S.K.: 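There's a structure below that I have some questions on.
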Amino acid sequence: MHISKFNSNPSIHGILVQLPLPRHMSEEKILNAVNIEKDVDGFHPLNIGRLAMQGRDPLFVPCTPKGCMELLHRYEIEIKGKRAVVIGRSNIVGMPVALLLQKANATVSMVHSYTKNPEEITKQADIVISAAGVANLVRGRWIKPGAVVIDVGINPVDDPESVRGYRLVGDVCFEEASKVASAITPVPGGVGPMTIAMLLSNTLSSAKRMHGLH
Ligand code: NAD
């Protein structure tokens with residue numbers, strides 16, 4: 001009901017459903033209810049479907065995957081013809097980022113929790129994007145010398161020295177991987193702020209489209 005109110009309110013240009021939802025709510029039904037024109041998170045099945053199809057463009061690209069691609073573009077990292085490995089296959093990060101890399105003409109492999117020899121597969125990559133949610137999963141020896149590493153993971157680990165009792169780390173062992181990679185994103189301060197920037201960018205293009213400024 002709230003979503004249909006937001007859908008019909010012309011002063012609202014973007015609707016974001018904060019996931020995960022409480023158990024009693026259907027994620028599928030709620031995401032489907034968001035007007036595709038206001039789906040600034042890009043999670044509506046129509047947007048994801050368009051992302052997956054050749055020659056179609058979604059109205060909105062999901063924010064975290066879009067932020068990863070923006071980082072690659074801004075740092076002028078060549079994607080075309082490169083081998084990319086995406087670790088994790090969630091609807092939010094792994095799957096859409098793999099589709100985007102493929103659209104950008106990379107050869108993409110996906111590593112997930114059932115993959116055998118993840119180290120061997122990851123070691124072949126020119127570009128590694130990790131979104132598994134497992135602290136220090138990707139070690140320095142997993143990385144091909146000179147590869148580019150984007151660490152999406154945000155994982156709390158115990159840290160008695162921190163006031164909160166924990167600190168946040170990525171999926172990649174930064175200390176080891178930064179010695180091997182040609183470029184690597186830190187956690188925190190890497191992909192996280194890009195996600196927020198891309199959400200603002202999607203919301204701005206939504207407002208422009210609604211006001212006929214596109
Ligand atoms: P998820 O739990 O939905 O998906 C995790 C994926 O990783 C699954 O596909 C699973 O198969 C795979 N996986 C789990 N353990 C693995 C292992 N040992 N080896 C290989 N693959 C494994 O998580 P998600 O929502 O995609 O988030 C992943 C991580 O990214 C989390 O740490 C999350 O906090 C972080 N995240 C960060 C941002 C950001 O803005 N930086 C945004 C979204 C998520």
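What's counted below: heavy atoms across the whole structure, side chains too, no hydrogens, waters or symmetry copies. Please read these numbers as outputs of a predicted model, since none were measured by experiment. Note that ligands are numbered from 1 as they come in the structure, with each ligand's atoms numbered from 1 the same way.
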S.K.: Quick check on Gly94 - does any of its heavy atoms sit under 4.0 Å from an atom of ligand 1?
M.R.: no
S.K.: Specify the protein heavy atom at minimum distance from atom 21 (N) of ligand 1: its residue, its atom name, and the distance to 0.1 Å.
M.R.: His112 C, 3.3 Å
S.K.: Would you kindly specify which portion of Val134 sits under 4.0 Å from ligand 1, judged on non-hydrogen atoms: side chain, backbone, both or neither?
M.R.: side chain
S.K.: Could you work out, for atom 11 (O) of ligand 1, the closest of Pro156, Ser113, Gly88 by heavy-atom distance?
M.R.: Ser113
S.K.: Of the backbone atoms (N, CA, C, O) and the side-chain heavy atoms from C-beta on, which set of Leu137 has a member under 4.0 Å from an atom of ligand 1: side chain, backbone, both, or neither?
M.R.: side chain
S.K.: Could you list which atoms of ligand 1 come closer than 4.0 Å to a heavy atom of Thr195?
M.R.: 39 (C), 40 (O)
S.K.: Just need the protein heavy atom nearest to atom 24 (P) of ligand 1, so name the residue and atom and give the distance.
M.R.: Ser90 OG, 3.7 Å
S.K.: Does any N/O atom on Asp171 come nearer than 3.5 Å to any N/O atom on ligand 1?
M.R.: no
S.K.: Quiz question for you: does at least one protein heavy atom lie closer than 4.0 Å to atom 27 (O) of ligand 1?
M.R.: no
S.K.: Do Ile121 and Val128 land in one hydrophobic cluster if side-chain heavy atoms of ILVMFWY residues count as linked below 4.5 Å?
M.R.: yes
S.K.: So that I can tick it off, tell me whether Asp57 and Arg50 are bridged by a salt bridge, with the cut-off set at under 4.0 angstrom between side-chain N and carboxylate O.
M.R.: no
S.K.: Report whether Val61 and Leu59 are members of the same hydrophobic cluster (ILVMFWY, side-chain heavy atoms less than 4.5 Å apart, transitive linking).
M.R.: no
S.K.: Can you check which of Ala132, Pro20, Pro118 brings a heavy atom nearest to atom 7 (O) of ligand 1?
M.R.: Ala132
S.K.: Atom 42 (C) of ligand 1: which protein heavy atom is closest, and how many Å away?
M.R.: Thr64 OG1, 3.3 Å
S.K.: Do Arg139 and Phe174 form a cation-pi contact, if we require the NZ or CZ to be under 6.0 Å from the six-membered ring centre and within 45 degrees of the ring's axis?
M.R.: no
S.K.: If you have a sec, work out which protein heavy atom is nearest atom 33 (C) of ligand 1 and how many Å separate them, to one decimal?
M.R.: Ile154 N, 4.1 Å
S.K.: Number the atoms of ligand 1 from 1 as they appear, then name those within less than 4.0 Å of a heavy atom of Gly192, with their elements.
M.R.: 40 (O), 41 (N)
S.K.: Val93 heavy atoms, cut-off 4.0 Å: which ligand 1 atoms fall inside?
M.R.: 26 (O), 43 (C), 44 (C)
S.K.: Given side-chain contact (heavy atoms from CB on, under 4.5 Å), test Lys123 with Ile143 step by step and report yes or no.
M.R.: CA-CA 5 Å; Lys123 183 116 200 177; Ile143 307 297; over 6 Å; no
S.K.: What is the minimum heavy-atom distance between Thr203 and His13, and which atoms define it?
M.R.: O-CB, 4.3 Å
S.K.: Under 3.5 Å, is there a donor-acceptor pair between the side chain of Thr185 and the main chain of Asp151?
M.R.: yes
S.K.: Counting only heavy atoms, tell me which of Pro96, Gly133, Pro193, Ser130 gets closest to atom 29 (C) of ligand 1.
M.R.: Gly133
S.K.: Among protein heavy atoms, which sits nearest to atom 35 (C) of ligand 1, and what does the distance come to when rounded to 0.1 Å?
M.R.: Val152 O, 3.5 Å
S.K.: If you group Ile, Leu, Val, Met, Phe, Trp and Tyr by side-chain heavy-atom gaps below 4.5 Å, do Val152 and Ile184 land in one group?
M.R.: no
S.K.: Asp171 vs Asn136, test: side-chain hydrogen bond (donor to acceptor under 3.5 Å, both in side chains). Steps then yes/no.
M.R.: CA-CA 5 Å; Asp171 289 352; Asn136 292 320; over 6 Å; no
S.K.: Looking only at protein heavy atoms, which one is nearest to atom 8 (C) of ligand 1, and how far off is it?
M.R.: Arg89 N, 3.9 Å
S.K.: Do Asp159 and Arg167 sit within salt-bridge range, that is, some charged N less than 4.0 Å from a carboxylate O?
M.R.: yes
S.K.: Side chains of Lys82 and Asn105: do they bring a donor and an acceptor to under 3.5 Å?
M.R.: no
